[in-house]
Each structure stands twice: as C-alpha cells, then as structure tokens.
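The structure appears right after this line, and notes come after that.
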Amino acid sequence: MIISIASGKGGTGKTTVAVNLALSLSSAYVGTIQIIDCDVEEPNAHIFLKPHITKTLPISIPVPRVIEKRCTYCGKCQEVCVYNAIAVIKNSTQNDPLTDSQTSAPGGKVLIFPELCHSCGGCSLFCPEKAIEEVGREIGIIQIGTAGNIEFVDGKLNIGEAMSPPLIRAVKKNITNNKVVIIDAPPGTSCPVIGSIKGSDYCILVTEPTPFGMNDLILAVEVIRKLNIAFGVVINRTDIPTASGQTGYQEVENYCSKENIPVLMRIPFDRKIAESYSKGIPMVEFIPEYITKFIQLFNNIKKSNHK
Amino acid sequence: MKQIVIISGKGGTGKTVITAAFASLVKNKVMVDCDVDAADLHLLLNPKILERHEFKSGKTAVIDGGKCNQCGMCLEVCRFDAITQSSIGSQQSTVTIDPISCEGCGVCSLICPQEAITMKECISGEWFISDTQYGPFVHAKLGIAEENSGKLVTLVRQNAKLIADKENRDIIIIDGSPGIGCPVISSISGIDCALIVTEPTLSGLHDLIRVVELTRHFNVKTFVVINKYDLNTEMAEEIESYCRNNGVALAGKIKYDTAIIEAMVNKKTVIEYSKGEVSQQIKNVWEIIQNELD
Ligand code: SF4
Ligand code: SF4
Ligand code: SF4
Ligand code: SF4
C-alpha cells in the first residue's frame, strides 16, 4: 500500500505526519514500513529519522552529445526538439578561392543546452546520420538506508538544477511493492507533486486552519481529484491561539464537511510539539499517545476509499 | 529600478506575510506573486483584476483512435511512460495517452506511421494584472497539475517589469516560491537582492543552507531574516552563527506573534493590522534592505 503525504502550502506539517506515521506503524508492523522522501529540493525526513545510509547513488539523465565527424548540420535535431535545447548553426557554403570549388561539407556547429533538455530522446532518434549519442548528466543523488526497522530512501537535487521530476522518478523506483510505503511529497500543485503522488493508493493532505492553508488545500484537493486518488485531511495546529483568545478560523473544517472530505486527525497547537520539531525530534518520542492515534489513522485509511 | 525577491527554501516560514508587509511599507513599487502553484499573496492584497491572460505553454499528445492501428511504436519511444496499450494483440486493443504524464515532447507524433497523433496546445494557467491599494500587482495561477511553472514565473516578471518601466516605479517586490527548483531559479535570475525567510528549526536551517547555496550559485546579494525566532532561541542563535560564519547578512529577527494570523484572517497586512513589535521588526528589516539597494 502506498500512502503519500502532501500539502498545497509548505510548512503545514507534511514531514511531521509522514515521519510520525512511519514510526508509529514501524512498531506495529515490524519490517514492513518504507519511507520515501520525494521532496528532493528540500528533503527533511532524514533530520527526524537520522537514517543509517548504506548506499548513495548519483542520478543522471541522458542528454545528447554530437559525434561531430558524422554530423552534416542538417538541422533535423533542432527541428525535433520542442524545448529549444539544441541549436544547429550551419556555415554558409563558401567557394574555396584556392581550388575554385565549392566545399562539400561546409561545416557548422551544434549547440546543446543541457539544462533545457528533458531527455526525451527525440534528437538522437531522428538524426538521419546517427550522429547523436547520449551521455549522462548528474542532477542529484539518492540515499538508501535504514532508520530502526524502517527502510529509508530520499533524493537530493543538485543546487542550481531545475529538473526535479526525473530525480523524483528515480527515487520512486526504490519503492518495494509488498511494503507499506509512505511518501513525503514536495509542497505545491505542479509537476514535482504530481510525479510524487501518482500511483499512490491514498493521499493524506496536511493543512492548517488559516486563510493560506485553506486556499492551498482547495488547490491540493483539485489535484488529488484529478488524479483520482482516495484522500483525507489532517489539520495541524488546530486552535492556533490568537491574541484575542479566539480560535477563530473554522473555514477549513467547514470546507471539509461541505465537500465530504474525512478529517483523519486534528493535531492541536502544542508548544511541546513545536519544540520537538524545531530540534528534529519526532513528536511520537515526546508524546507517545500519538502512536495509537497514527495507527488508528492508518486503520481508517485502509478501510476507506474516499475520492 | 530594482528588483527584490522574498524566498524561503522551506515552506510556511512567513514569506508571503513579510512580502505583504513590504507592500504597506514601500512606496512606488510593483508587487508580484511568483509562487504560482500555491499563490497566497492575493489573499492579503485584495486585488481588483484589470487584465486576465491565458498562459499557454507546451502541448499534449492526442491520439485519433480512428487512424491508429495499434502498432505500438509510440509506446516504445515515449520516455515518460505516458502511453499505454490495453489488451495487446487482441482486436479490442486501444492505445491511450495519459495527459498528466505527457511532457509534450512530440516524439510519438513524429514516429507514428499512421499520423494518428497530433500535438494539441494546452492552456496551463492564467496570469493577471491587478490594481490594489498598494499599487499594481502582477500575479498568476498555474493550472491544476500543470508544468512549466518556471516559464509562468518568467512571464509574470517580464510583465511586472514593463509596468515598472512605463509607470516609473522604483522597485519590484516579488513573492518567490519555496524550494530550490525550477520556479525559484526563474524567480531569482537577474534580481538585485534576495531576502530569505527562515524559522528557528533544524529543518529551517537545513533548507536555509541549500537556498543560500542557490543564491550564491547565481551570484545574488542575499539577506536572511529569522521569523518566529523566539520559538526556539537556541536554534535562532545557531542560524545566526551560520550566517556570520558564511558571510550571509542577517537583516533581522521577527517575534512569533498571533497578530500575524489575525491580520491574515482579516485580509490585511500585518503593518496595517498591528502597531506592535512585529510590525516594528519588519520595518527594521526593510530599512536594512533599502540601505543596501540605495
Ligand atoms: S540531426 Fe544529426 S546530422 Fe543533423 S544536425 Fe543534428 S546531429 Fe547533425
Ligand atoms: S533529448 Fe529531447 S529535449 Fe533533449 S535535446 Fe534531444 S530532443 Fe531536445
Ligand atoms: S508527446 Fe512525448 S511525452 Fe507525450 S506521449 Fe508523446 S512521446 Fe510521450
Ligand atoms: S504509433 Fe500511431 S498507429 Fe502506432 S500505436 Fe501509436 S498512435 Fe497508433
């Protein structure tokens, strides 16, 4: 079973839910839990789980390289590439004044912009001269290890690198089928999020009771519905205290009941939780009562298939 | 004209709240929201939309079932696992493309011997020019489950710049996106100054280090502000010493204050809502940045 943890808005407690769910389940289902951190731009699960890393793998994506001596500068590759990652400059045909003949291979140059290349393989496939080979370009690393009896995998995107989806795909290749897999997805609603949660059996959306949390939850729900994945919501920091002593913002609860979205858990604002989080300590270690709550949450998920 | 971007590495640190506070503090500017896939700044600036534009980017492959003879060639060349074939070999076999997985590379349409695949342009979002009580505001909404957020960021920024040039605005203030990937890179290219909003947690520090490396990579003048610093003063000190040891300028520290959420619930910037300590602390941060820009 694959459960992904996502949120439209960042900083709502996605990693907290992912890590503590994994830890709670690991005591009940020994040896069957795997956590996959797909937030490759800012991976944080390792901070709380302190995994023992046994394998580190560089991840590369294929980008074209031109074998100059075969290339006729015909321009086909440039025509094929919809991402403008390849440009062909053909020298104009010149008359050679010494031999008074036209140079048969006027030459030119093929420019490749690897950071724009999506590795679709089109240019090498359609090059009539088979003049394009593919070479690896490293975009990040994957780390595999264990945290207690939890199997741990995360990815780390290289700084300055824009292509996170291929790294996310590589991270997800390590999913073990018969395990309970918990995916910590990146925030937002665009391609990295889709790539992370696609193929999940269930998605937990973590939000907080604020106007921002509300706005971003609505977007996240649209994404999940589009992907047709069963889902529920965890509301973090309920009763965020306000100066006037009110616990004002009920809109998130109202929205969920109106939309028939199950609220799987409410985590109250608790300075103890905030403090343990800030130090990188999982909350179930501070407040063990939550272990049974997370196991309960998991059992509810297994029963439901709300979409 | 100067451009400043507010980014965060880690989400939920208060980036948008601080950006909105600057809207109240700074004169003669253009406000921009580049957090296009979870845009929130409009919730505080109450924009009146003047112009609405479609954002077209990329294409999606579509199969004409009538022309397709199920040869399976497209399936083989698609590197994004977007094409599937049901009941291979049988009469009822169908080939389908999942529009969400399709990256629009067009390779399948070029290979198809039956010319059964066409590339259809898709509308993947909208962007807006709005009027607010704080001046012009350029913002966007990326379509659900769409890609190319980086391109949309670039488009929004180009238009903000056009407005700034036309109306002689001194400064463009940009709400960036979390992370270090494609939309963030588009938000910080060619910027005069980046303000990173962090929080006093171990995750906050980890993410800060990565985002500082990113602004360094692109040679952008960088400031850090520690939001909610009093939630863990020890961690706040650790972040301060990281900044000191790495030559990153600290622009200030902001207290945890419930006024921030109250202001948000009341759809106001914190500067308008509260005359308290947090507002003063944000003003101080702005002064430091302004000195740098001048
Ligand atoms: S398609 Fe092949 S031969 Fe033509 S310009 Fe490109 S690399 Fe050269
Ligand atoms: S692999 Fe695809 S994206 Fe990359 S250069 Fe070739 S055609 Fe362009
Ligand atoms: S356009 Fe590219 S990504 Fe889309 S289905 Fe065709 S080959 Fe696959
Ligand atoms: S290549 Fe064309 S004809 Fe062959 S399966 Fe794909 S769409 Fe159908």
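Numbered from 1 within each chain, the chains take letters A, B, ... in sequence-line order.
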Any heavy-atom pair between the side chains of [Y] and [X] that's under 4.5 Å?
X      : Y      : result
A:F48  : B:S203 : yes
B:I144 : A:R225 : no
B:L231 : A:R271 : yes
A:F212 : B:V17  : yes
A:P43  : B:H206 : no
B:I180 : A:E42  : yes

Determine whether more than 12 heavy atoms belonging to other residues, nucleotides or ligands lie under 6.0 Å from atom [atom1] of [X].
X      : atom1 : result
B:K267 : NZ    : no
B:D81  : CG    : no
A:K156 : NZ    : no
A:E115 : CD    : yes
A:K226 : NZ    : yes

Of all of [options], which one pairs up most often with chain B through heavy atoms under 4.5 Å apart?
options                : answer
A:S278, A:P166, A:G10  : A:S278
A:G195, A:G213, A:G160 : A:G160
A:S119, A:P211, A:S7   : A:P211
A:N44, A:I194, A:V40   : A:N44
A:G11, A:S190, A:G121  : A:S190
A:M163, A:E275, A:R169 : A:R169

What part of [X] lies closer than 4.5 angstrom to a heavy atom of chain B: side chain, backbone, both or neither?
X      : result
A:T12  : neither
A:L125 : side chain
A:L157 : both
A:P209 : neither
A:S164 : neither
A:E222 : both

Structural part of [X] lying under 4.5 Å from a heavy atom of chain A:
X      : result
B:L214 : both
B:E234 : neither
B:M264 : both
B:K59  : neither
B:N232 : side chain

If you look at every heavy atom in [X] and [Y], which pair is closest and at what distance?
X      : Y      : result
A:G122 : B:V107 : CA-CG2, 3.5 Å
B:R210 : A:I159 : O-CD1, 3.5 Å
A:N215 : B:D40  : ND2-OD1, 2.8 Å
A:A162 : B:C182 : O-CB, 3.5 Å

Mind ranking [options] by heavy-atom pairs under 4.5 Å with chain A and telling me who comes out on top?
options                       : result
B:V77, B:I111, B:L142         : B:I111
B:I100, B:L110, B:T16         : B:L110
B:P178, B:G106, B:C78, B:G104 : B:G104
B:S8, B:G9, B:S149            : B:G9

Requested in this report: Drop me the distance from B:L43's CG to A:D216's CG, to the nearest 0.5 angstrom.
Outcome: 8.0 Å
**Report entry** Gap separating the CG atom of B:D207 from the CG atom of A:D39, nearest 0.5 angstrom
**Finding:** 7.5 Å
Query raised in the report: Is it true that a side-chain atom of B:D37 and a backbone atom of A:T189 form a donor plus acceptor pair closer than 3.5 Å?
Result: yes
Query raised in the report: Taking non-hydrogen atoms and a cut-off under 4.5 angstrom, which of residues 74-86 of chain A neighbour chain B?
Result: A:V80, A:V82, A:Y83
Query raised in the report: Any ion pair linking A:E134 and B:R79 (charged N to carboxylate O, less than 4.0 Å)?
Result: yes
**Report entry** Worked verdict on B:S101 versus A:K198 for side chain to side chain donor-acceptor pair (under 3.5 Å)
**Finding:** CA-CA 9 Å; B:S101 300; A:K198 221 171 61 178; 2.7 Å; yes
